[in-house]
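Here the structure is a predicted model, which is why all the values come from computation and not from measurement. Starting from 1, each residue takes its place in the sequence as its number. Counting starts at 1 for both ligands and their atoms, in listed order.
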Amino acid sequence: MKGMHSILAAFALLAFACSLASAFDTSPLHDFCVAINNTEDGVFVNGNFCKDPRLTVADDFFYSGLNKPGNTSNLVGSNVTAVNVDQIPGLNTLDISMVRIDYAPYGGLNPPHTHPRGTEILVVVEGTLYVGFVTSNPENRLFTKVLYPGDVFVFPIGLIHFQFNIGETKSVAFAGLSSQNAGAITIADSVFGSNPTINPNVLTKAFQLDKTAVTYLQSRFGSG
Ligand SMILES: *[C@@H]1O[C@H](CO)[C@@H](O)[C@H](O)[C@H]1NC(C)=O
Ligand SMILES: *[C@@H]1O[C@H](CO)[C@@H](O)[C@H](O)[C@H]1NC(C)=O
Ligand SMILES: *[C@@H]1O[C@H](CO)[C@@H](O)[C@H](O)[C@H]1NC(C)=O
C-alpha cells in the first residue's frame, strides 16, 4: 500500500512537471547566456537588473521623438528608429517594444533580416511597401503583399523578411515586436560582413558563387 502511494505520488509529480513543460523556450533576451555556478561572477536576469519600484518614475516608461523621421541617405535607403528597453527601461521583462521605419522614395529597402527574439506586426502610415517573409526549410515558401496606408502585416518570429518602398514618395511604417529587444540579424551583414570575415571558401560553396564574387561582397559589407 505504501509502495502504491509513492507510485501515485510519482505520477502526480510527473503530471505536474509535464504541465510546466513548454513547447517553446522562454526568450533568452540575448544571443547567448553562458551557464555559471558561481553567481558572484555576474548574473543578468532577463537582460537587465530591476530598479527598486519605490524609485521608479513615469519617465521610466516614456520616450519622445518617434515623430521624427530617420535619415534614409544610406546605401539601402531606410532607417529604423528603435524604441526598446534601451530607450525605455520600463520595458524590461515586458515582452514588447516598437520601431519606426522610414523608407526613401523609389526603392528604399529594409533589407532581408530576422528578429531572433520577436514576432513583428507592422502598420504602414505613408507610402507603398512591397513586403514579404520566407518560411524555414525545406519549403522556403515566400509570402508577399503590397501594403498601403492603414494596412497591417505580420512577420513571424525568426523568419527572414523585408520591406521595399515601391512608391514614388517616401514611406513610413511603425511596428510592434514581441520582445523588450527583439534583436536583428541582417543577412548580408552577418554573412558577408562578419568580423572577422568567414573563410571565403565557405561562402563560395554555400552560395555557389565565384570566389571573386565572395571577396567582392565581403569588401562591400565588411566593417573593415
Ligand atoms: C556546475 O556544477 C555542476 C555540479 O557540480 C557541474 O557538473 C558543472 O560542470 C558546473 N558547471 C560549470 C559551468 O562550472
Ligand atoms: C538613422 O537616422 C538617424 C537620425 O537621423 C541618424 O542619426 C542615423 O545615422 C541613421 N542611421 C542610418 C543607418 O542611416
Ligand atoms: C542625412 O545623412 C546624410 C549622409 O550622412 C547627410 O549628408 C545629411 O546631411 C543628413 N540629413 C539630415 C537631414 O540630417
Hey, can you tell me if Phe155 and Phe133 have their rings parallel, tilted or perpendicular (30° and 60° cut-offs)?
perpendicular

Measure across His161 and Gln163 and return the closest heavy-atom pair with its distance rounded to 0.1 Å.
CD2-NE2, 3.8 Å

Does ligand 3 have any N/O atom under 3.5 Å from a protein N/O, and what are those pairs and their distances?
residue, atom, partner, partner atom, Å
ligand 3, 2 (O), Asn71, OD1, 3.3
ligand 3, 2 (O), Asn71, ND2, 2.3
ligand 3, 11 (N), Asn71, ND2, 2.9

Hey, do the aromatic rings of Phe162 and Tyr130 have their centres closer than 6.0 Å?
yes

What residues form a side chain to side chain donor-acceptor pair (under 3.5 Å) with Lys51, not counting sequence neighbours?
Asp60

Leu75, CG: over 12 other non-hydrogen atoms inside 6.0 angstrom:
no

What verdict does the side-chain contact (heavy atoms from CB on, under 4.5 Å) test give for His115 and Leu177, after you've listed the backbone C-alpha separation in whole Å, the side-chain angles of each residue and the deciding distance to 0.1 Å?
CA-CA 9 Å; His115 301 294; Leu177 294 134; 3.7 Å; yes

